[in-house]
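Report on the structure given below.
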Amino acid sequence: MHIIEIYKSLQGESSFTGLPCVFVRLAGCNLRCRWCDSEYTFKGGTKMAAAELVAEVGRLLPPGGLVEITGGEPLLQESELIPLMKQLIEKGYTLLLETSGERPLQRVPPAVFKIVDVKCPDSGEGASFRLENLAALSLRDEIKFVIASRADYEFAREFVVAHELWRKSGNVIFSPAFRKDARGVRDAANCLVDPRELAEWILADGLRVRLGLQIHKFIWDPSLKGV
Ligand code: SF4
């Protein structure tokens, strides 16, 4: 598999926020979201066998801990990723998979907690979500909308209501998009939508969703990699 980095940090998004976690970041992505903060994953990466990956995860975190597979888009390497995920689960890790929602999810092992994006229009990839993926979700999974404008919020709101997402996943997350050129200053001014405004929209509409902030961008310099 082509790997960009493996590192230990705190889980920054999702309902697992704040927990220590080992991140396995895979190379390659077939989308080009305007606010993407992982463009360094688009090319390159180090070739690693599954056994080397499992050993490196084990060096950073004993079995029983939290591991997230992310990217890029990890499911572009699906044929090698599925056996790797099975091995990590057999070792006793709690496994999260971050995916764009564009790749099919049907083959992901049921023990994996899937965190699935639905891309909003301002990302430039608003038509990318694969609707059949809704049938592959369970209540352990999470659906995430990264919101960069009021138009994105309205798209997300309509999508949640039209598909009754609160019945299909354990968590629906609305998260403000972050400026990809953010440097140094760790505050909400780096969000493309003010979190207070987003909170007020959610409350005004009575939505059954969770406001998510990328806490690693408030703890460390938002331009840092490997945190
Ligand atoms: S899917 Fe993720 S990695 Fe790919 S361009 Fe969008 S934000 Fe970046």
Side-chain angles (χ1 to χ4, degrees), residues 1-7 9 11-14 16-17 21-46 67-78 80-81 84-85 95-105 108 112-134 136-137 141-149 151-153 155-156 159 169 171-183 190-193 198 212-217 220 222-227:
M1 304 180 73
H2 287 91
I3 304 296
I4 296 292
E5 55 189 354
I6 304 177
Y7 61 95
S9 184
Q11 175 52 234
E13 332 182 39
S14 82
F16 295 85
T17 294
C21 179
V22 166
F23 293 83
V24 179
R25 188 178 297 284
L26 276 63
C29 189
N30 54 336
L31 302 188
R32 291 293 180 266
C33 304
R34 285 195 188 106
W35 35 251
C36 178
D37 60 359
S38 310
E39 290 172 327
Y40 59 98
T41 66
F42 292 170
K43 288 190 191 143
T46 306
V67 176
E68 176 172 304
I69 309 284
T70 187
E73 172 46 61
L75 285 170
L76 291 176
Q77 300 186 61
E78 181 182 340
E80 294 157 294
L81 178 60
L84 171 71
M85 291 196 289
L95 195 58
L96 315 182
L97 171 68
E98 272 264 359
T99 176
S100 70
E102 186 274 339
R103 296 278 88 202
L105 298 176
V108 176
V112 174
F113 292 82
K114 299 185 285 293
I115 302 167
V116 182
D117 277 9
V118 177
K119 300 294 182 189
C120 296
D122 278 18
S123 71
E125 296 288 0
S128 62
F129 185 73
R130 189 179 289 256
L131 274 176
E132 308 90 278
N133 278 340
L134 292 178
L137 297 175
D141 298 322
E142 312 198 354
I143 303 179
K144 175 159 57 78
F145 296 84
V146 177
I147 292 173
S149 63
D152 274 0
Y153 169 77
F155 167 87
F159 195 100
S169 74
N171 265 297
V172 179
I173 301 165
F174 281 19
S175 183
F178 229 78
R179 291 179 199 287
K180 67 178 182 180
D181 59 354
R183 300 276 178 282
N190 287 322
C191 296
L192 294 174
V193 165
L198 182 52
L213 297 177
Q214 295 177 292
I215 65 160
H216 49 293
K217 296 194 173 174
W220 291 285
S223 67
L224 276 185
K225 299 187 187 82
V227 294

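Numbering of ligands and ligand atoms starts at 1, following listing order. Hydrogens, waters and symmetry mates are skipped; everything else that's a heavy atom, side chains included, is used.
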Quick one: name the protein N/O/S atoms under 2.8 Å from atom 6 (Fe) of ligand 1, chain by chain.
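Within the sphere that stays under 2.8 Å of atom 6 (Fe) of ligand 1, the protein atoms of type N, O or S are Cys33 SG.
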Of all residues at least two apart in sequence or in a different chain, which pass the ring-ring contact (aromatic ring centres under 6.0 Å, His included) check with Phe145?
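Result, ring-ring contact (aromatic ring centres under 6.0 Å, His included) vs Phe145: Phe159, Phe174.
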Could you tell me whether Arg32 sits above the aromatic face of Phe42, with NZ or CZ closer than 6.0 angstrom to the six-membered ring centre and within 45 degrees of the axis?
yes
Residues [X], [Y]: salt bridge by 4.0 Å N-O rule:
X	Y	result
Lys144	Glu98	yes
Glu73	Arg103	no
Lys180	Asp37	no

Once the angle between the rings of Tyr7 and Phe23 is folded into 0 to 90°, is it parallel (under 30°), tilted (30 to 60°) or perpendicular (over 60°)?
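Tyr7 and Phe23: parallel rings.
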As an exercise, identify every atom of ligand 1 less than 4.0 angstrom from a heavy atom of Trp35.
7 (S)
Examine the proximity of ligand 1 to Tyr40 and report which part, side chain or backbone, both or neither, has a heavy atom under 4.0 Å away.
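The answer is neither; Tyr40 stays 4.0 Å or more away.
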So, Ser175 side chain and Gly212 main chain: donor-acceptor pair closer than 3.5 Å or not?
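A pair under 3.5 Å: yes.
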